[in-house]
Amino acid sequence: MKYQTQKIALAYFVVAMALFAVQVTLGLVMGWIYVDGNFLTEILPFNIARMLHTNSLIVWLLVGFFGAAYYLIPEESEREIHSTKLAYLQLAILVVGTVGVVLTYFFNLFEGNFLLGKEGREFLEQPKWVKAGIVVAALIFLYNISMTVLKGRKTAITNIMLLGLWGIALLFLFAFYNPSNLALDKQYWWYVVHLWVEGTWELVMAGILGFLMLKLTGVDREVVEKWLYVIVATALFSGILGTGHHYYWIGTPGYWQWIGSIFSALEVVPFFGMMAFAFVMVWKGRRDHANKAALLWSLGCATLAFFGAGVWGFLHTLHGINYYTHGTQITAAHGHLAFYGAYVALNLAIITYAMPVLRGRDPYNQVLNMASFWLMSGGMLFMTFTLTFAGTVQTHLQRVNGEGFMDVQDQLWIFFVMRFGSGVAVVLGAILFIYAVMVPRREVINPGPVVQDAAE
Ligand code: HEM
Ligand code: HEM
Ligand SMILES: [Fe+2]
């Protein structure tokens with residue numbers, strides 16, 4: 001560790017991984033409810049489990065991004081984080097908010113209360129007081145990070161991270177705007193849900209991947225920067241108007257069908273760019289870094305993001321196709337692989353890279369970590385395939401033949417059984433990952449040559 005304050009990242013990563021375990025376990029519970037509809041109906045109804053699954057996903061990914069920023073910004077800016085106290089205060093606020101959310105959802109507390117009760121919009125169900133807490137935490141974070149960057153060395157990576165993280169916080173403000181007109185409500189809802197994952201989060205992804213490539217492959221900074229600028233420019237050019245692919249059927253004017261189709265089709269470009277970037281860097285790289293597992297996660301992230309977001313996104317993004325597939329299991333297939341490839345794998349890549357350094361035991365046991373990559377990613381891919389088949393059959397029976405929703409669901413049962421099976425693999429992979437980065441190896445079997453990060 002070059003800077004003491006990088007240690008802050010450790011606490012963030014531990015919280016992130018704990019929530020990750022909770023998130024995938026709840027996925028498994030829901031996967032079983034799909035197989036046996038009466039499972040846990042009294043204790044944990046499906047809608048509550050779903051809120052916990054998606055909200056814990058978003059929260060742990062964000063906590064991981066914050067941790068990543070606290071880890072990489074000191075190295076990039078060549079100075080310590082502005083305030084350690086504020087960083088831990090920020091984490092404490094986020095943890096209190098998370099506990100509040102879980103209790104509110106689980107016991108259905110304060111129902112209907114403006115400030116304390118849960119709200120009704122997917123992904124943004126958290127009560128107003130938690131939303132306000134998130135904004136306070138985000139402000140503390142932005143202040144802390146911006147002060148560090150402004151006083152230190154400015155690099156393309158710090159600039160892109162700052163742009164992305166400021167964008168995330170500003171867009172979240174739309175979570176407070178909830179007009180009673182349903183079309184307007186949806187229009188602004190997508191400002192958060194789409195402009196996050198297909199805009200600002202992509203910038204964070206480019207920043208973190210850029211940092212990892214710099215460290216792991218030893219390619220010149222100038223080369224990394226050129227790629228990053230192209231990726232960021234294409235991401236924003238396509239992603240902003242690409243929001244139109246959610247405006248086809250919500251009551252917005254018809255021109256959105258064209259704007260949405262054209263610009264969202266172009267969204268494949270930055271994801272392809274990110275994959276090409278990662279592989280070209282490894283190909284051109286001169287450094288044989290000891291942390292092979294971090295390289296595996298980085299390449300896996302770029303590749304699976306291209307397939308999950310790029311290919312599986314394109315699959316249903318043209319309005320003529322989306323007319324039939326809208327809101328079917330095709331959407332769920334895409335949602336799972338896109339989130340997993342782009343943002344879960346990204347977090348696990350930076351955690352895999354940083355943990356051995358943060359815990360002072362480099363090199364560490366990477367074999368288990370790499371095994372967890374294949375188990376988890378294999379599980380997610382299989383889940384994507386089963387949901388894609390389910391969605392294809394569903395689209396035909398329900399949207400083409402006009403059969404009833406529940407009749408069709410019954411006929412999809414076999415796919416849901418297979419989805420549950422792949423979910424078991426994912427959960428086992430997640431447990432293996434956490435074990436691999438948290439529990440030290442008892443003895444050194446073959447230390448091999450240790451290649452530390454050389455000064456760039
Ligand atoms: C890291 C891995 C995972 C990620 C990133 C993830 C992400 C998501 C997302 C984004 C949604 C909302 C989907 C949408 O609205 O289209 C969702 C829903 C869901 N997930 Fe996951 N999930 C993961 C793991 C799992 C696992 C292991 C299972 C277990 C089988 C699972 C089962 C489900 C189910 C049943 C739903 C509800 C779908 C519906 O409403 O029909 N997920 N997940
Ligand atoms: C990492 C980036 C991405 C993530 C995490 C992601 C995730 C998701 C999720 C969770 C949904 C379901 C939302 C809901 O209805 O509740 C969704 C919907 C959708 N996504 Fe993505 N996505 C990404 C990138 C893309 C890209 C690049 C495209 C197009 C090329 C795309 C096309 C779509 C479309 C068309 C829908 C609407 C599906 C429907 O009509 O039901 N996505 N995405
Ligand atoms: Fe989108």
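Numbering of ligands and ligand atoms starts at 1, following listing order. Everything quoted here is computed from the prediction, not taken from an experiment.
Proximity annotation for atom 24 (C) of ligand 1: of His53, Arg419, Glu122, His53 comes nearest, heavy atoms only. If you check each of Ala345, Gly327, Ala332 against atom 16 (O) of ligand 1, the one with the closest non-hydrogen atom is Ala332. Of the listed residues (Met380, His336, Met376), the one carrying the non-hydrogen atom nearest atom 19 (C) of ligand 1 is His336. For atom 27 (C) of ligand 1, the candidate residues are Met30, Met418, Met383, Gln409; the nearest heavy-atom contact is made by Met383.
Aromatic ring orientation, Tyr70 versus Tyr12: tilted (interplanar angle from 30° to 60°). Using cut-offs of 30° and 60° for the angle between ring planes, the Phe66 and Phe141 rings count as tilted. Classification of the Trp60-Phe20 ring pair by plane angle, with boundaries at 30° and 60°, yields tilted. Using bins of under 30°, 30° to 60° and over 60° for the plane-to-plane angle, the ring pair Trp297/Phe373 lands in the perpendicular bin.
Counting protein heavy atoms only, atom 15 (O) of ligand 1 is closest to Arg50 NH2, 3.0 Å. The protein non-hydrogen atom at the shortest distance from atom 4 (C) of ligand 1 is Gln23 NE2, 3.3 Å. Looking at atom 41 (O) of ligand 1, its nearest protein heavy atom turns out to be Tyr34 OH, 2.4 Å. Scanning the protein for heavy atoms near atom 31 (C) of ligand 1, the closest one is Gly27 CA, 3.5 Å. Looking from atom 32 (C) of ligand 2 to the surrounding protein, the closest heavy atom is His245 CE1, 3.2 Å. Looking at atom 9 (C) of ligand 2, its nearest protein heavy atom turns out to be Gly335 CA, 3.9 Å.
A cation-pi arrangement is absent between Lys131 and Phe172, since the terminal nitrogen or guanidinium carbon is not both under 6.0 Å from the aromatic centre and inside a 45° cone about the axis.
Of all atoms in ligand 2, listed by their number and element, those nearer than 4.0 Å to a heavy atom of Ser264 are 29 (C), 30 (C). Counting atoms of ligand 2 from 1 in the listed order, those under 4.0 Å from a heavy atom of His246 are 18 (C), 19 (C), 36 (C), 37 (C).
By the 6.0 Å contact criterion, CZ on Phe237 is open, its count of non-hydrogen atoms from other residues, nucleotides or ligands being 12 or less. Heavy-atom contacts from other residues, nucleotides or ligands closer than 6.0 Å to CZ of Phe314 number 12 or fewer. Within a 6.0 Å sphere centred on CH2 of Trp413, heavy atoms belonging to other residues, nucleotides or ligands number 12 at most.
Closest approach of Asn291 to Thr352, counting heavy atoms only: ND2-O, 3.0 Å. In terms of heavy-atom proximity, Ala349 sits nearest to Ala294 at O-CB, 4.2 Å. Summarising the geometry of Gly31 relative to Phe420, their closest heavy-atom pair is C-CD1, 3.9 Å, with the distance given to 0.1 Å. The minimum heavy-atom distance linking Met376 with Val426 is given by the pair CG-O, 3.7 Å.
Put simply, part of Phe46 is less than 4.0 Å from ligand 1, judged by heavy atoms. In this structure, Tyr248 has no heavy atom closer than 4.0 Å to ligand 2. Ligand 2 lies within reach of Phe271, whose nearest heavy atom is under 4.0 Å from it. Assignment of Trp190 to the shell around ligand 2 is supported, since a heavy atom sits closer than 4.0 Å.
Within His246, NE2 is the N, O or S atom that lies nearest to the Fe ion (ligand 3). Taking the Fe ion (ligand 3) as reference, the nearest N/O/S atom within Glu198 carries the name OE2. His194 has its closest N, O or S atom to the Fe ion (ligand 3) at the position named ND1.
With respect to Arg221 and Glu76, a salt bridge is recorded, a charged nitrogen being found less than 4.0 Å from a carboxylate O.
Polar contact check, Thr54 against ligand 1: no nitrogen or oxygen pair lies under 3.5 Å apart. For ligand 1, the polar-atom distance check against Tyr340 finds no nitrogen or oxygen pair separated by under 3.5 Å. Among the atoms of Gln329, none of the N or O lies under 3.5 angstrom from an N or O of ligand 1. Considering both main-chain and side-chain atoms, Asn322 comes within under 3.5 Å of ligand 2 through a nitrogen or oxygen pair. Backbone and side-chain nitrogen or oxygen atoms of His326 are examined, and one is located within less than 3.5 angstrom of a nitrogen or oxygen of ligand 2.
Contact annotation for Ala342 and ligand 2: only side-chain heavy atoms (C-beta onward) come within less than 4.0 Å of the ligand. Heavy atoms of Thr331 found under 4.0 angstrom from ligand 2 belong exclusively to the side chain.
Among the backbone and side-chain atoms of Glu267, none of the N, O or S atoms lies under 2.8 Å from the Fe ion (ligand 3). For residue His334, an N/O/S atom approaches atom 21 (Fe) of ligand 2 to within less than 2.8 Å.
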